[in-house]
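As the structure lists them, so they are numbered: ligands from 1, and atoms in each ligand from 1.
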Amino acid sequence: MSEVPSPLPADALTEVAPAKVNLGLWVLGRREDGLHAIDTVMASVEPVDELVLWRDPEAAPGTLTLSVTGPEAESLAETGLALAEVVDLRGGTHGGVRNLVVRAAAELARSTPGPPAAVRIHLIKRIPVGAGLGGGSSDAAAALRGLNRLWGLGLTPDQLERVAARIGADVAFFVRGGVRRATGVGERLAMVPCALAAECVIAVPPSRVVTAQAYRLWDTLSSETPMQADGGGHGAEALISALARGDLRRAIRLLHNDLATAAYRLSPSTQRLLRLLETAGGEGACVSGSGSAVFALAAPGAGGGLANEIRRRAAAEGWTVRVYVSRLPSQEAALPWRAPGTVVESI
Ligand SMILES: C[C@@](CO)(OP(=O)(O)O)[C@H](O)COP(=O)(O)OP(=O)(O)OC[C@H]1O[C@@H](n2ccc(N)nc2=O)[C@H](O)[C@@H]1O
Ligand SMILES: Nc1ncnc2c1ncn2[C@@H]1O[C@H](COP(=O)(O)OP(=O)(O)O)[C@@H](O)[C@H]1O
């Protein structure tokens, strides 16, 4: 099975796939098709996965050979995914549990006139799986960007976003990343100007959350308690305005997640970690997406100290927690993601 060859073939290219946090997430209701209408503001952050892609002249056209390594590869395998597989993109990719990279390649191959050149993709998995950090969706978007280049398709980012929306609700966001508001089921995107100078500290417990279960539990919980009158719009607007003004104090107060209660029920360690983050000094600490990760925003330069405090307190409780510190993307930051040089560590 393919690992990254050394030296890399001349046509090999790399795509960086950052994680995301949901700075605000409002669930507006369940649609007829079972998916949920949402209003969310997402931001690209570290940690990042990496995809290395190159042509495979020895394999038949239409073949994809995928391999996965990295600190979170085992966690991916625990969800039932193969860490090495050979796939014919023109058939048979829909059965079984599939890596979203394969789903993305198959979806893009449908827009090529004949079978596309055989390709190898090596995924270095660093984003915790099932943490609400969007790693799988980001890998899918990175595969779309990389294959668009490798196969010379010349699709624009807008066109790639349309392909992305067929793969998963969050995938379109990751085509460009940055700071964006997503509505619909997550596929309708608008750029959010962000003048906030802030660091994002993410803490991830050992447990994972399955997104579909979190939405299902939200259905149950929201039928038991009356829905908030605002339904998102005002909260999202206020958050976006704080981001545009670079008002960190206000942005921290406006962090919000309607899936938090569901995440706590499905992953009690998420609630425990949120408390630990708060007592370590993380103001406005919030769950990302459907969990299990929690995060807080800190003033520039303060993230490292907060991360160390979380590590210290977690270690004192004999608890394994992964902690990441990242700068929030500024207005100009768009993909390709430039890692702003941060601490990426776990204990
Ligand atoms: C909750 C969020 C917040 O950003 O992120 P994660 O926690 O997954 O990272 C997203 O809405 C997740 O988007 P994504 O992870 O792409 O979801 P998908 O793979 O398309 O869908 C997985 C399942 O979640 C449910 N789902 C997803 C999106 C949505 N708007 N409504 C839903 O009800 C459906 O049951 C669907 O079958
Ligand atoms: N490349 C991938 N990386 C992570 N998860 C993937 C990938 N491909 C498919 N998946 C599946 O997606 C689910 C979790 O997705 P992930 O993006 O890590 O979490 P979340 O939806 O919480 O952000 C897992 O069930 C996993 O099997």
Side-chain angles (χ1 to χ4, degrees), residues 17-45 47-51 66-68 70 72-83 85 96-105 121-143 164-174 180-189 202 204 207-219 222 256-260 262-263 266-267 270 286-294:
K20 58 86 179 161
V21 287
N22 299 82
L23 298 173
L25 171 60
W26 292 265
V27 183
L28 310 184
R30 188 173 180 276
R31 309 192 317 184
E32 294 271 293
D33 62 4
L35 292 174
H36 292 75
I38 61 171
D39 193 346
T40 184
V41 178
M42 290 189 270
S44 302
V45 288
V48 301
D49 287 345
E50 241 173 289
L51 275 74
L66 175 69
S67 53
V68 187
E72 300 294 337
E74 271 315 309
S75 174
L76 195 60
E78 282 166 16
T79 70
L81 291 193
L83 298 184
E85 56 185 318
V97 190
R98 286 289 179 193
N99 197 303
L100 284 166
V101 168
V102 175
R103 293 267 322 276
I121 301 182
H122 184 76
L123 167 62
I124 303 167
K125 191 74 204 163
R126 299 197 191 94
I127 303 174
V129 177
L133 299 175
S137 303
S138 189
D139 294 345
R166 298 202 289 268
I167 301 162
D170 266 359
V171 182
F173 162 78
F174 287 104
R180 274 165 209 276
R181 182 181 192 174
T183 52
V185 295
E187 83 291 4
R188 290 179 49 196
L189 297 165
I202 300 173
V204 189
S207 55
R208 290 186 291 266
V209 173
V210 176
T211 301
Q213 288 180 3
Y215 276 110
R216 267 201 301 275
L217 189 50
W218 180 89
D219 290 338
S222 64
H256 178 86
N257 189 337
D258 277 343
L259 291 179
L266 294 168
S267 161
T270 291
C286 198
V287 175
S288 183
S290 52
S292 58
V294 297

Per-atom contacts of ligand 2 with L133, taking only distances under 4.0 Å to non-hydrogen atoms: 23 (O)
Proximal atoms of ligand 2 relative to G135 (non-hydrogen, under 4.0 Å): 17 (O)
[atom] [closest protein heavy-atom partner, distance rounded to 0.1 Å]:
| atom | answer |
| --- | --- |
| atom 30 (N) of ligand 1 | H36 O, 2.9 Å |
| atom 16 (O) of ligand 1 | D170 N, 2.9 Å |
| atom 27 (O) of ligand 2 | T79 OG1, 2.6 Å |
| atom 35 (O) of ligand 1 | A212 CB, 3.6 Å |
| atom 17 (O) of ligand 2 | G136 N, 2.7 Å |
| atom 3 (N) of ligand 2 | K125 NZ, 2.9 Å |
| atom 20 (P) of ligand 2 | G132 N, 3.7 Å |
| atom 5 (N) of ligand 2 | L76 CD1, 3.4 Å |
| atom 10 (N) of ligand 2 | L81 CD1, 3.6 Å |
| atom 17 (O) of ligand 1 | A169 CB, 4.1 Å |
| atom 19 (O) of ligand 2 | G130 N, 3.2 Å |
| atom 21 (O) of ligand 2 | T211 OG1, 3.2 Å |

Are side-chain heavy atoms of [X] and [Y] found at a separation under 4.5 Å?
| X | Y | answer |
| --- | --- | --- |
| L100 | D139 | no |
| S288 | K20 | yes |
| V204 | S292 | yes |
| I127 | E72 | no |
| L123 | N99 | yes |
| L133 | V21 | yes |
| L83 | E74 | yes |

S75 versus R208, side-chain donor and acceptor atoms under 3.5 Å: yes
S267 side chain to S207 side chain, donor-acceptor N/O pair below 3.5 angstrom: yes
Mode of N22 contact toward ligand 1 - side chain, backbone, both, neither (heavy atoms, under 4.0 Å): side chain
Just which atoms of ligand 1 are under 4.0 Å from any heavy atom in [X]?
| X | answer |
| --- | --- |
| G168 | 16 (O), 20 (O) |
| S137 | 16 (O) |
| G132 | 7 (O), 9 (O) |
| G34 | 33 (O) |
| K20 | 3 (C), 4 (O), 5 (O), 6 (P), 9 (O) |
| S290 | 1 (C), 6 (P), 7 (O), 8 (O) |

[X] heavy atom under 4.0 Å from ligand 2:
| X | result |
| --- | --- |
| A131 | yes |
| R103 | no |
| R98 | yes |

Give a yes or no on whether [atom] lies under 4.0 Å from any heavy atom of the protein.
| atom | answer |
| --- | --- |
| atom 11 (O) of ligand 1 | yes |
| atom 19 (O) of ligand 1 | no |
| atom 12 (O) of ligand 2 | no |
| atom 4 (O) of ligand 1 | yes |

Considering all heavy atoms, the nearest I202-A293 contact: CG2-CB, 4.1 Å
Minimal non-hydrogen separation, H122 against S67, with atom names: ND1-OG, 2.7 Å
Test of proximity, V185 against ligand 1: N or O pairs below 3.5 Å: yes
Ligand 1 to Y215 polar contact by distance, N or O atoms, under 3.5 Å: yes
Which segment of L100 sits under 4.0 Å of ligand 2 when only heavy atoms are counted: both
Structural part of D139 in contact with ligand 2, heavy atom criterion under 4.0 angstrom: side chain
[X] (side chain) donor-acceptor with [Y] (main chain) under 3.5 angstrom:
| X | Y | value |
| --- | --- | --- |
| R126 | V48 | yes |
| S138 | A19 | no |
| S222 | W218 | yes |
| D49 | A17 | no |
| R103 | I167 | yes |
| N257 | V287 | yes |
| T40 | A182 | no |

For L66, the option from L81, L51, V101 that meets side-chain contact (heavy atoms from CB on, under 4.5 Å): V101
Option whose closest heavy atom lies nearest to atom 36 (C) of ligand 1, chosen from T211, V27, L35, D33: L35
Ligand 1 contacted by G184 (non-hydrogen, < 4.0 Å): no
